[in-house]
Student: 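I'd like to ask you about the structure that follows.
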Amino acid sequence: MEALGVHFEVNRTAGKDFTVDSLFADGCDAVFIGSGTAVAKELDLPGKELDGIIQSSYLLRMIALYNSHQLDRREVPVENGDRAVVIGCGNVAMDAARSLLRMGAASVQVIYRGKQETMPALKAEYEGAVTDGATFLWEHTPVAYEGETRVTGLRVTTPDGERSIAADKVYLAVGSRPANRIVSSTEGIEVDGNGYVITRERPYGMTTRQGVFAGGDVMHRPATVVLAMKEAKLVAEGIAAYVDAVRLLEL
């Protein structure tokens with residue numbers, strides 16, 4: 001990419017080291033936002049302050065660092081013999097469940113409020129988790145974490161009433177949302193009620209701020225890499241058309 005003329009600037013944070021306005025002031029003709037959905041969602045339940053409630057994305061990151069010999073095993077937030085509960089039923093939940101079992105968890109129960117046929121995870125990912133030993137509890141909706149200082153269980157509602165599920169640790173895999181550093185430091189970029197950037201069809205991918213474009217998960221919600229790549233190509237065409245039109249008007 002550098003050989004094609006792409007210039008990289010690292011260790012710079014949007015809203016702190018630069019803003020969209022400063023990029024335009026530096027001579028940029030267009031700005032593309034492809035910041036994805038980097039902020040994991042929480043569950044606002046009683047007991048959410050207890051120790052032992054962990055984001056699945058953090059777990060997977062720590063396991064990756066351990067596997068690459070950059071972290072000690074003690075840094076990975078799962079211990080041999082743990083009774084683990086995973087909340088959510090997407091692909092991240094499947095990765096977390098399988099990874100927990102491989103790291104020594106005694107049991108992994110995946111909690112999902114819907115039925116099996118509505119789970120967002122790929123069928124192959126689900127089947128892999130089942131093969132590895134994960135147990136799935138359908139139509140179970142979390143209502144409270146249980147414990148005093150550390151989590152000891154999860155209270156859920158089921159079609160048969162409420163019940164408690166014992167747990168040494170609870171891992172959240174309930175989705176993610178965009179960070180707002182770029183939008184909060186820039187006027188004119190509108191987002192929907194969940195924080196996703198609103199874009200238009202012509203020029204493709206342009207936000208409500210002229211010259212600012214967006215694509216990928218930050219505007220169409222978490223999906224596949226293939227879709228993000230497809231969108232990026234379409235937005236690139238939209239940016240090129242926009243820049244050409246602006247330059248024609250300046251002649």
Side-chain angles (χ1 to χ4, degrees), residues 1-10 12-15 18-20 23-24 28-41 55-57 60-61 64 88-96 98-99 112 114 117-129 173-186 188-248:
M1 292 178 68
E2 285 184 325
L4 290 172
V6 177
H7 172 69
F8 292 88
E9 293 189 14
V10 298
R12 297 191 49 164
T13 302
F18 70 93
T19 64
V20 169
L23 293 175
F24 281 127
C28 291
D29 295 310
V31 174
F32 173 75
I33 301 172
S35 51
T37 52
V39 181
K41 292 181 180 178
Q55 287 290 347
S56 290
S57 55
L60 295 172
R61 175 61 175 162
C89 211
N91 291 328
V92 171
M94 302 303 115
D95 288 344
R98 302 180 74 178
S99 298
Y112 182 49
E117 53 267 27
T118 65
M119 68 176 178
L122 295 173
K123 183 180 179 181
E125 294 286 341
Y126 163 71
E127 292 175 346
V174 293
S176 56
R177 60 180 175 80
N180 68 349
R181 286 193 302 267
I182 298 175
V183 173
S184 64
S185 62
T186 307
I189 301 178
E190 294 183 9
V191 298
D192 66 15
N194 294 312
Y196 291 92
V197 176
I198 297 171
T199 61
R200 62 179 72 173
E201 291 292 322
R202 298 186 63 180
Y204 193 89
M206 190 158 84
T207 69
T208 50
R209 167 77 180 266
Q210 185 172 324
V212 180
F213 294 75
D217 292 358
V218 73
M219 51 78 61
H220 63 53
R221 290 169 171 70
T224 64
V225 173
V226 173
L227 178 59
M229 293 173 65
K230 175 185 176 182
E231 287 290 306
K233 290 181 178 180
L234 293 173
V235 176
E237 293 173 359
I239 293 173
Y242 167 78
V243 172
D244 287 344
V246 169
R247 288 177 178 174
L248 281 173

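Below, each value reflects all heavy atoms present in this structure, side chains not excepted, and no hydrogens, waters or symmetry copies.
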Student: Do Ile198 and Tyr196 have side chains that approach each other closer than 4.5 Å (heavy atoms only, starting at C-beta)?
Tutor: no

Student: At what distance, to the nearest 0.5 angstrom, does CG of Leu234 lie from CE of Met229?
Tutor: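 These two atoms lie 12.0 Å from each other.
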
Student: Heavy-atom count around Arg12 CZ within 6.0 Å, excluding the residue itself: above 12?
Tutor: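 Yes.
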
Student: Name the atoms and distances for all side-chain donor-acceptor pairs under 3.5 Å in residues 204-211, with sequence neighbours left out.
Tutor:
| unit_1 | atom_1 | unit_2 | atom_2 | d |
| --- | --- | --- | --- | --- |
| Tyr204 | OH | Glu231 | OE1 | 2.8 |
| Tyr204 | OH | Glu231 | OE2 | 3.0 |
| Thr207 | OG1 | Arg209 | N | 3.1 |
| Thr207 | OG1 | Arg209 | O | 3.3 |
| Thr207 | OG1 | Val212 | O | 2.9 |
| Thr208 | OG1 | Gly188 | O | 2.7 |
| Thr208 | OG1 | Glu190 | N | 2.8 |
| Arg209 | NH1 | Asp21 | OD1 | 3.3 |
| Arg209 | NH1 | Glu187 | O | 3.0 |
| Arg209 | NH2 | Asp21 | OD1 | 2.7 |
| Gln210 | NE2 | Tyr242 | OH | 3.4 |

Student: If you look at every heavy atom in Thr199 and Met219, which pair is closest and at what distance?
Tutor: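 Heavy-atom minimum between the residues: OG1-CE, 3.2 Å.
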
Student: Nearest heavy-atom pair of Val197 and Val191: which atoms, and what distance?
Tutor: CA-CG1, 4.0 Å

Student: Surrounding CZ of Arg200 (heavy atoms of other residues, nucleotides or ligands, distance under 6.0 Å), is the total greater than 12?
Tutor: yes

Student: Show the nearest heavy-atom pair for residues Cys89 and Pro120, with the distance to one decimal.
Tutor: O-CD, 3.3 Å

Student: Taking only residues two or more places apart in sequence or in another chain, which ones pass side chain to side chain contact (heavy atoms under 4.5 Å, CB included) with Lys41?
Tutor: Val174, Arg177

Student: Please report the shortest heavy-atom distance between Ala96 and Ser56, naming the atom on each side.
Tutor: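 So the two residues come closest at CB-OG, 3.7 Å.
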
Student: With sequence neighbours left out, write down each residue that passes side chain to side chain donor-acceptor pair (under 3.5 Å) with Ser185, or none if nothing qualifies.
Tutor: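 Once residues adjacent in sequence are excluded, Ser185 has no partner under the side chain to side chain donor-acceptor pair (under 3.5 Å) criterion.
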
Student: So how far is it from Tyr126 OH to Met94 CE, rounded to the nearest 0.5 Å?
Tutor: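 Nearest 0.5 Å value for the OH-CE distance: 8.5 Å.
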
Student: Do any N or O atoms from the side chain of Ser99 and from the backbone of Asp95 form a donor-acceptor pair under 3.5 angstrom?
Tutor: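 Yes; judged by distance alone, with no hydrogens or angles, the pair exists.
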
Student: State which residues pass side chain to side chain donor-acceptor pair (under 3.5 Å) with Asp29; sequence neighbours excluded, sorted by chain then number.
Tutor: Arg247

Student: Under the side chain to side chain contact (heavy atoms under 4.5 Å, CB included) rule, collect the residues that match up with Ala14, sequence neighbours excluded.
Tutor: Phe18, Ile182

Student: Go through the structure and list residues passing side chain to side chain contact (heavy atoms under 4.5 Å, CB included) with Ile239, not counting sequence neighbours.
Tutor: Ala30, Phe32, Phe213, Val235, Val243

Student: For Glu127, give me all partners under salt bridge (charged side-chain N to carboxylate O under 4.0 Å, His left out), at least two apart in sequence or on another chain.
Tutor: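 In terms of salt bridge (charged side-chain N to carboxylate O under 4.0 Å, His left out), with neighbours along the sequence ignored, Glu127 is linked to Lys123.
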
Student: Who pairs with Glu2 by salt bridge (charged side-chain N to carboxylate O under 4.0 Å, His left out), at least two apart in sequence or on another chain?
Tutor: none

Student: Can you tell me if Asp217 uses its side chain to pair, donor with acceptor, with the backbone of Ala228 under 3.5 Å?
Tutor: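 No, the answer is negative, given that no donor and acceptor are paired below the 3.5 Å cut-off.
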
Student: What heavy-atom pair brings Ala121 and Asn91 nearest, and what distance separates the two atoms?
Tutor: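 Looking at all heavy atoms of both residues, the closest pair is CA-OD1, 3.4 Å.
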
Student: Mind checking what makes side chain to side chain contact (heavy atoms under 4.5 Å, CB included) contact with Val226, not counting sequence neighbours?
Tutor: Thr224

